[in-house]
Amino acid sequence: MKHITFYLDFVSPYAWLAFERLPEVLEGLSYSVEYRPVLLGALLKQHGNPGPAGILPKRDWTYRHVTWLGHSLGVPLAMPARHPFNPLPLLRQALACSRDGRINRFVAGTLLRHVWQGGHDALDAQRLTALAAALEPQLQPDDADGARAKALLRSNTDAAAARGVFGVPAFEVDGKFFWGLDSLTMLRAYLEGDNWFEHEWDAAASVAQGLPG
């Protein structure tokens, strides 16, 4: 059985689509998954990347693209009333349900559906109160001030960055990283033992840099 670490931030529509598609794409394979929330903005900043929402034409395209993908894949997706937004309250809410930086699929799905279904404001105070109530049975004790959740988020993000994660969704298995919704079929091929990964994985990334710097 292979073990997959799924790095996600609830602000990412591609993370929602990948979360929904993962079981179907990997159907029939033996694997386990752990979900690790990370702060996407910090990963982008490390590489000087403004992200899709930081470039106006790309922002427009991204929102059209993900809405189309939801439609074409049969995954309910409605852009929230405001986007991008500060995901920290949601990330910390998720990690209040964790003792070690991992969250279960129920917690991940609850947070993702909060953002990506219904077209509501993800940070609306009343909705956040309802979200907290829905997650209350999952909460871990002894973190009344939220300090542990904050520390876990920082640790998850720093560890992901140190391991080479530059965006979400990202999937790690056997020290290899697969980035983005469209990498799921590649991930499946690896889990199935496709020998391309033995002969071409490293070679494909060894092309000489053609630009200065």
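Values below: every heavy atom of this structure, side chains too, minus hydrogens, waters and symmetry copies. Remember, predicted model here, so these are calculated numbers, not experimental data.
Atoms CE and CZ, from Met79 and Arg64 in turn, are 12.0 Å apart once rounded to the nearest 0.5 Å. Between His199 atom NE2 and Asp194 atom CG the span is 9.5 Å, to the nearest 0.5 Å. Here the straight-line distance linking atom CG of Leu187 with atom CD of Glu192 works out to 10.0 Å at 0.5 Å rounding. Here the CD-OG distance, from Gln138 to Ser98, works out to 11.0 Å after rounding to the nearest 0.5 Å. Taken from CH2 in Trp116 to OG1 in Thr67, the straight-line distance is 8.0 Å, to the nearest 0.5 Å. Here the CG-OG1 distance, from Asn104 to Thr110, works out to 8.5 Å after rounding to the nearest 0.5 Å.
Annotation: ring pair (Phe, Tyr, Trp, His ring centres under 6.0 Å) contacts involving residues 140-161, sequence neighbours excluded, are absent.
Both Val25 and Phe197 are assigned to one and the same hydrophobic cluster, defined by single-linkage of ILVMFWY side chains at heavy-atom distances under 4.5 Å. Placement of Leu111 and Leu88 within a single hydrophobic cluster is found when ILVMFWY residues are connected by side-chain heavy-atom separations under 4.5 Å, directly or transitively. Hydrophobic clustering, with ILVMFWY side chains joined whenever heavy atoms are under 4.5 angstrom apart, keeps Leu139 apart from Phe10.
Scanning both residues, Val165 and Ala170, for their nearest heavy atoms gives CG1-CB, 4.0 Å. Between Leu152 and Leu95, the shortest heavy-atom contact is CD1-O, 3.9 Å. Shortest non-hydrogen contact noted between Arg59 and Ala53 is CD-O, 3.7 Å. Contact detail for Gly175 and Arg163: the closest heavy-atom pair is CA-NH2, 4.3 Å.
Using a 4.5 Å heavy-atom cutoff, the side chains of Tyr31 and Arg188 are not in contact. Taking 4.5 Å as the limit, some side-chain heavy atom of Pro141 sits within range of a side-chain heavy atom of Arg99. Annotation: side chain of Leu123 is in contact with side chain of Pro89 (closest heavy-atom distance under 4.5 Å). Put simply, the side chain of His120 does not reach to within 4.5 Å of the side chain of His114, judged on heavy atoms. A 4.5 Å side-chain heavy-atom check between Leu69 and Leu181 finds at least one atom pair inside the cut-off. No side-chain heavy atom of Leu90 sits under 4.5 Å from any side-chain heavy atom of Asp9. In this structure the side chain of Phe171 reaches within 4.5 angstrom of the side chain of Ser183, judged on heavy atoms. You'll find the side chain of Phe6 stays beyond 4.5 Å of the side chain of Glu172, heavy atoms only.
In this structure, the ring-ring contact (aromatic ring centres under 6.0 Å, His included) partners of Phe166, at least two apart in sequence or on a different chain, are Trp179. In this view, Phe85 and His83 satisfy the ring-ring contact (aromatic ring centres under 6.0 Å, His included) rule, not counting sequence neighbours. Under the ring-ring contact (aromatic ring centres under 6.0 Å, His included) criterion, Trp196 pairs with no residue at all, not counting sequence neighbours.
Of the possible donor and acceptor atoms, one in the side chain of Asp124 sits under 3.5 Å from a partner among the backbone N and O of Arg127. Using modelled atom types, one side-chain atom of Trp16 and one backbone atom of Pro76 make a donor-acceptor pair closer than 3.5 Å.
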Return a table of donor-acceptor pairs under 3.5 angstrom between the side chains of residues 204-213 and protein atoms on other chains or two or more places apart.
{"unit_1": "Ser206", "atom_1": "OG", "unit_2": "Ala203", "atom_2": "O", "d": "2.7"}
{"unit_1": "Gln209", "atom_1": "OE1", "unit_2": "Leu211", "atom_2": "N", "d": "3.0"}

Which atom pairs, donor and acceptor, lie under 3.5 Å between side-chain atoms of residues 33-51 and protein residues at least two apart or in another chain?
{"unit_1": "Glu34", "atom_1": "OE1", "unit_2": "His3", "atom_2": "NE2", "d": "2.7"}
{"unit_1": "Glu34", "atom_1": "OE2", "unit_2": "Arg36", "atom_2": "NE", "d": "2.6"}
{"unit_1": "Glu34", "atom_1": "OE2", "unit_2": "Arg36", "atom_2": "NH2", "d": "3.3"}
{"unit_1": "Tyr35", "atom_1": "OH", "unit_2": "Arg105", "atom_2": "NH1", "d": "2.6"}
{"unit_1": "Arg36", "atom_1": "NH1", "unit_2": "Asp100", "atom_2": "O", "d": "3.3"}
{"unit_1": "Arg36", "atom_1": "NH1", "unit_2": "Asn156", "atom_2": "OD1", "d": "3.0"}
{"unit_1": "Asn49", "atom_1": "OD1", "unit_2": "Gly51", "atom_2": "N", "d": "2.8"}

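With no hydrogens or angles considered, a side-chain donor-acceptor pair links Tyr190 and Asp174 at under 3.5 Å.
The ring of Phe178 has its center closer than 6.0 angstrom to the ring center of Trp201. Ring centers of His71 and Trp68: under 6.0 Å apart, within the cut-off.
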